[in-house]
Amino acid sequence: MLNHLETLYRLGEREVAFELAEALGCAVSYAGANGDGVDTFLAVRPNPDNHNVQSNVFYMSQVTPEQQALERELLRLSGEASDLAQKLESYRQAARVRPYGLPHFSLRYGSADEIEEVVDRINKSLTSRLPDRLHLHIIRPGAENAAGSASIQGFLYQDVIVSGSFLMGQLIELQIQR
């Protein structure tokens, strides 16, 4: 059984992270614990009817000062080393257009219509505000690399909530299971 996944949001972006989780169709609530005293942990439940905040969840909390310092240093280094900046941009481009085989976590939906609703919510509420930070890659039936003739599969590449580095971003797969 998978218990949880820990994700982070940037300093000052708690509401944006909250909004993104809700756009994904998840319910967000207090997890019953505090982080480093800055913000409470948020429990994001992919199944809104399940009120258990300890299993089948991912948590969101504010980035720690240690990771913030590391992210600043990596950003500085990528600005000074063109080869590092090029490799970082190459990775980001792959995440946008060829997400297979890259680190991600997946949310399962009940139908292709539910995925289309998520896409609509994200496009209506967040994409225009964060155009360089959110990228949806939706693979519909008949498309190259389609998972099947009746399946819709999507990948959201973003840097609002991550389980690693904000510079590398985070892929979230949107999928249905036959």
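- Partners of Glu15 by side-chain hydrogen bond (donor to acceptor under 3.5 Å, both in side chains), not counting sequence neighbours: none found.
- In terms of heavy atoms, Pro103 sits closest to Leu171 at O-CB, 3.7 Å.
- Not counting sequence neighbours, Tyr157 has no partner by the ring pair (Phe, Tyr, Trp, His ring centres under 6.0 Å) test.
- Under the side-chain hydrogen bond (donor to acceptor under 3.5 Å, both in side chains) criterion, Glu117 pairs with no residue, sequence neighbours left out.
- Here Arg72 pairs with nothing under the salt bridge (Lys or Arg N to Asp or Glu O under 4.0 Å) rule; sequence neighbours left out.
- In the hydrophobic clustering of ILVMFWY residues, with side-chain heavy atoms under 4.5 Å counting as a link, Leu77 and Leu167 come out apart.
- A search for ring pair (Phe, Tyr, Trp, His ring centres under 6.0 Å) contacts involving Tyr91 returns nothing, not counting sequence neighbours.
- Shown here for Val97 and His137, the closest heavy-atom pair between the two residues is O-NE2, 3.6 Å.
- Leu5 and Leu20 end up in the same hydrophobic cluster when Ile, Leu, Val, Met, Phe, Trp and Tyr side chains are linked at under 4.5 Å.
- Residues Ile161 and Met60 share a closest heavy-atom pair of CG2-SD, 3.4 Å.
- Shown here is Gln86, whose CD atom has no more than 12 heavy atoms of other residues, nucleotides or ligands within 6.0 Å.
- The other members of the hydrophobic cluster of Leu8, by chain and number, are Val63, Val162, Phe166 (side-chain heavy atoms under 4.5 Å, ILVMFWY only).
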Could you walk me through whether Gln54 and His4 pass the side-chain contact (heavy atoms from CB on, under 4.5 Å) test, one step at a time?
CA-CA 7 Å; Gln54 296 180 337; His4 73 274; over 6 Å; no
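- Partners of Tyr109 under the ring pair (Phe, Tyr, Trp, His ring centres under 6.0 Å) rule, at least two apart in sequence or in another chain, do not exist in this structure.
- One side chain, Glu6 or Ser61, offers a donor N or O that lies under 3.5 Å from an acceptor on the other.
- Contacts of Glu116 classified as side-chain hydrogen bond (donor to acceptor under 3.5 Å, both in side chains), with partners at least two apart in sequence or in another chain: Arg140.
- The line from CD of Glu173 to CG of Leu102 is 11.5 Å long, rounded to the nearest 0.5 Å.
- Each salt bridge (charged side-chain N to carboxylate O under 4.0 Å, His left out) pair with one or both residues in residues 42-62, not counting sequence neighbours, would appear here, but there are none.
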Working for side-chain contact (heavy atoms from CB on, under 4.5 Å), residues Gln158 and Leu130
CA-CA 9 Å; Gln158 49 80 42; Leu130 305 169; over 6 Å; no
If you apply the rule side-chain contact (heavy atoms from CB on, under 4.5 Å), what do you find for Leu107 with Val118, and how did you get there?
CA-CA 11 Å; Leu107 298 174; Val118 168; over 6 Å; no
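- Legend: salt bridge (charged side-chain N to carboxylate O under 4.0 Å, His left out) pairs involving residues 73-86, not counting sequence neighbours, sorted by first then second residue: Glu73-Arg76, Arg76-Glu80.
- Residues forming a salt bridge (Lys or Arg N to Asp or Glu O under 4.0 Å) with Arg133 (at least two apart in sequence, or on another chain): Glu13, Asp159.
- Between the CG atom in Leu174 and the CD1 atom in Ile152 there is a gap of 10.5 Å [rounded to 0.5 Å].
- Of all non-hydrogen atoms in Tyr100 and Gln153, the two that sit nearest each other are OH-OE1, 3.4 Å.
- In plain terms, the two heavy atoms of Thr127 and Leu134 that are nearest each other are N-CD1, 3.9 Å.
- Without hydrogens or angle criteria, Gln67 side chain to Gly164 main chain gives a donor-acceptor distance under 3.5 Å.
- Using a cut-off of 4.0 Å between Lys/Arg side-chain N and Asp/Glu carboxylate O, Arg121 and Glu114 are scored as not salt-bridged.
- With sequence neighbours excluded, the residues satisfying side-chain hydrogen bond (donor to acceptor under 3.5 Å, both in side chains) with Ser165 are Glu71.
- Ring pair His104/Phe155 is perpendicular by interplanar angle, where above 60° counts as perpendicular and below 30° as parallel.
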Could you walk me through whether Leu88 and Leu74 pass the side-chain contact (heavy atoms from CB on, under 4.5 Å) test, one step at a time?
CA-CA 11 Å; Leu88 185 57; Leu74 290 171; over 6 Å; no
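- When all heavy atoms of Val53 and Tyr59 are compared, the pair lying nearest together is O-OH, 2.6 Å.
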